[in-house]
There are 2 protein chains.
Amino acid sequence: MLIFGLAGGVLVTLLQWTEFHFLVLEHSVAIYGALIAILFAGAGLWLGTRLLAPRERIVEIAVPAVPTSRFDADDNVRERLGITRRELEILKLVARGLSNREIGATLFVSENTVKTHCSRAFDKLGARRRTEAVQRSRELGLLS
Amino acid sequence: MLIFGLAGGVLVTLLQWTEFHFLVLEHSVAIYGALIAILFAGAGLWLGTRLLAPRERIVEIAVPAVPTSRFDADDNVRERLGITRRELEILKLVARGLSNREIGATLFVSENTVKTHCSRAFDKLGARRRTEAVQRSRELGLLS
DNA sequence: GGAGAAATCATACGCAAGGATGACGCGGGG
DNA sequence: CCCCGCGTCATCCTTGCGTATGATTTCTCC
């Protein structure tokens, strides 16, 4: 800002000096203006690259390097959330896109039981919909 | 570039016109030059920020990162399945666990519209439930 | 300029899902 | 022994979801 102000002052002085030389020529004002334009366009460009360039954009690169031997890691998460094994079992089937009825048929229990487990699991996950529960489970690493 | 060229032409014309008005005044050249200076300084600054690609700093972040190296591949998959951009947009929100009502509020459309898009998308995916649609989408690489 | 795709919205119906509540049996610790 | 966590099942009720159908608008393409 200070530099810019100083430049302004210098320019005004320069301006006072140069106008006497240029005014005697025809079309001098056009040339004069063009010179000013070029000069300040350059100055602006320079300033733009100098002052605003350090803007860095952080780019996230997906690193495949997360095999993270999670064979029982989800079990820890499960315990921490107070989710029972049965509830997690049902959650996995929910994440597969099965309906409550299909889950019941798969696990040989009634649809009501599935609903009960779902309700409790959703409650512990802070989810109100099964899709939300799936999303939360993924974030928490509950699902492989 | 075209816009910049046009702006240049307009400026030259404006320059020709204004000089006759300003030349009769004392110090008019100074004001004129200052205007040009400010204008082109701004232009240069704008160009500087616009043309110079923001330097990117690559930061490696451990991300669940499905091994699938697809950057725009989902667009190909989308086309292949005949799923429209809007439908995919809604699918992504479905995968986030949002309800139809919330999706509508997010995209500023009615819940009915969301339902329509969902139905068509589910149909194209061969899914009958939203959870199933999410699962299918993940398998097909439709979702990041 | 008309055909068609896409997006938007509405209405209505049926079913799935979710919540609340109660109950029963089983197993393990206090 | 009795309590408690867990899994199981049921009923009632509300809400959300999915489908069908029709309409309008906008855009693109021929």
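Chain naming here is simple, since letters A, B, ... match the order of the sequence lines and numbering starts at 1 in each.
Between A:Arg86 and D:dG7 there is no side-chain N or O to OP1 or OP2 distance below 4.0 Å. In terms of phosphate contacts, A:Ser119 brings a side-chain nitrogen or oxygen within less than 4.0 Å of OP1 or OP2 of C:dG19. OP1 and OP2 of D:dC9 both lie 4.0 Å or more from every side-chain N or O belonging to A:Thr116. Residue A:Arg129 has no polar side-chain atom (N or O) positioned under 4.0 Å from OP1 or OP2 of C:dA17. A:Ser110 has a side-chain polar atom (N or O) that falls below the 4.0 Å cut-off from OP1 or OP2 of D:dA10.
Counting non-hydrogen atoms under 4.0 angstrom, A:Thr113 reaches a base of the nucleic acid. Within 4.0 Å (heavy atoms only), B:Ser99 reaches sugar-phosphate atoms of the nucleic acid but no base atom.
Atom pair A:Arg101:CZ and C:dA17:P shows a separation of 8 Å (rounding to whole Å applied). A:Asn112 places its CG atom 17 Å from the P atom of D:dG7, with the value rounded to the nearest Å. Between the P atom of C:dC15 and the CZ atom of B:Arg128 lies a distance of 14 Å, rounded to the nearest Å. One interatomic measurement links the two molecules: CZ of A:Phe108 to C1' of D:dG7, which rounds to 17 Å at whole-angstrom precision. D:dG18 atom P lies 14 Å from atom CD of B:Glu87, rounded to whole Å. Nucleotide D:dC17 holds its P atom 14 Å from the CG atom of A:Asn100, rounded to whole Å. Straight-line distance from the CD atom of A:Glu111 to the C1' atom of D:dA10: 12 Å, rounded to whole Å. Atom CG in B:Leu107 sits about 10 Å away from atom P in C:dC9, given to the nearest Å.
In this structure, A:Arg96 contributes its side chain and B:Gln135 its backbone to no donor-acceptor pair below 3.5 Å. Between the side chain of B:Lys124 and the backbone N or O of B:Gly82, at least one donor-acceptor pair lies under 3.5 Å.
Here the CD1-CZ distance, from B:Ile83 to B:Phe122, works out to 10.5 Å after rounding to the nearest 0.5 Å. The NZ atom of A:Lys92 sits 13.5 Å away from atom CG of A:Leu98, with the distance rounded to the nearest 0.5 Å.
For B:Lys115, the listed nucleotide lying nearest its side chain is C:dA12; candidates were C:dA12, C:dA17, D:dG7.
Electrostatic pairing of B:Asp123 and B:Arg120 does not count as a salt bridge here, judged by no charged N lying under 4.0 Å from a carboxylate O.
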